[in-house]
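What's counted below: heavy atoms across the whole structure, side chains too, no hydrogens, waters or symmetry copies. This is a predicted model, so every value here is computed, not measured.
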Amino acid sequence: GSMSGPGPKSVGCAKCCAVFSMSGVVFCLMIGAILQSQPLFVLGVDDPSKASKSCYGAAGIYVGCIFLSLGVLLYDKITPEAEYKTPLAHYDNLPPGLGERETRLPLRANRQAIELSP
């Protein structure tokens, strides 16, 4: 198939990635600042200056992930839904009768399906 833009499922992933990346930025910046100002509070670090630079670099990578996620969310906002493939298109290839079973199940009063014996 041809390469197309992100689909509807990408939106939830992008939101999740943006939130976790924001927390990653905050965490990396805090650890970098601690390593720069009070390196004795972080045990097991031989070169605090190098470690703080690494934390700031990691924060930059997280910022890149945030922008990527925001790009996916923006793309979703400006792209009409008609350009997406039908979300249920993959159900067309099911074996005969598999997709029809759910529509034939009787429902209880609370709308839960009553299982039929085969």
Side-chain angles (χ1 to χ4, degrees):
S2 65
M3 188 80 168
S4 62
K9 291 182 179 180
S10 302
V11 174
C13 186
K15 288 178 184 177
C16 181
C17 189
V19 169
F20 279 109
S21 294
M22 286 180 207
S23 63
V25 168
V26 171
F27 179 76
C28 287
L29 290 177
M30 286 173 42
I31 298 299
I34 290 172
L35 284 167
Q36 209 170 19
S37 62
Q38 298 290 333
L40 296 176
F41 287 124
V42 184
L43 300 177
V45 177
D46 295 329
D47 189 355
S49 174
K50 185 177 177 182
S52 70
K53 288 178 185 174
S54 294
C55 284
Y56 294 139
I61 292 172
Y62 276 123
V63 168
C65 288
I66 291 171
F67 281 118
L68 214 89
S69 299
L70 293 177
V72 169
L73 295 173
L74 181 64
Y75 179 86
D76 179 67
K77 285 283 186 203
I78 62 174
T79 304
E81 283 187 37
E83 287 189 26
Y84 288 138
K85 290 184 178 178
T86 310
L88 301 176
H90 56 280
Y91 288 120
D92 293 343
N93 299 325
L94 290 176
L98 190 60
E100 301 164 5
R101 182 173 184 272
E102 290 78 18
T103 59
R104 294 190 321 243
L105 289 176
L107 298 176
R108 293 190 181 116
N110 64 357
R111 308 282 298 158
Q112 288 183 339
I114 301 169
E115 284 297 324
L116 301 176
S117 57

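Note on I61: it does not cluster hydrophobically with V19, by side-chain heavy-atom contacts below 4.5 Å among ILVMFWY residues. Linking Ile, Leu, Val, Met, Phe, Trp and Tyr whenever their side-chain heavy atoms come within less than 4.5 Å leaves I31 and F20 in two separate clusters. Residues V45 and F41 share a single hydrophobic cluster, defined by chaining ILVMFWY side chains whose heavy atoms lie under 4.5 Å apart. The same ILVMFWY cluster, assembled from side-chain heavy atoms under 4.5 Å apart, contains both M22 and V11.
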Just distance, no hydrogens or angles: give the donor-acceptor pairs under 3.5 Å from side chains in residues 52-59, sequence neighbours left out.
{"unit_1": "S52", "atom_1": "OG", "unit_2": "P48", "atom_2": "O", "d": "3.4"}
{"unit_1": "S52", "atom_1": "OG", "unit_2": "S49", "atom_2": "O", "d": "2.9"}
{"unit_1": "S54", "atom_1": "OG", "unit_2": "K50", "atom_2": "O", "d": "3.2"}
{"unit_1": "Y56", "atom_1": "OH", "unit_2": "G32", "atom_2": "O", "d": "3.3"}
{"unit_1": "Y56", "atom_1": "OH", "unit_2": "A33", "atom_2": "N", "d": "3.3"}
{"unit_1": "Y56", "atom_1": "OH", "unit_2": "Q36", "atom_2": "OE1", "d": "2.9"}

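Applying the 4.5 Å side-chain rule to ILVMFWY residues, one finds that L43 remains a lone member of its cluster.
With a 4.5 Å cut-off on side-chain heavy atoms, L73 and D76 do not count as touching.
Rounding to the nearest 0.5 angstrom, the gap separating the CG atom in L35 from the CG atom in D47 is 10.0 Å. Atom OH in Y62 sits 7.0 Å away from atom OG in S23 (nearest 0.5 Å).
Judged as a side chain to side chain donor-acceptor pair (under 3.5 Å), not a single pair has a partner in residues 11-21 (not counting sequence neighbours).
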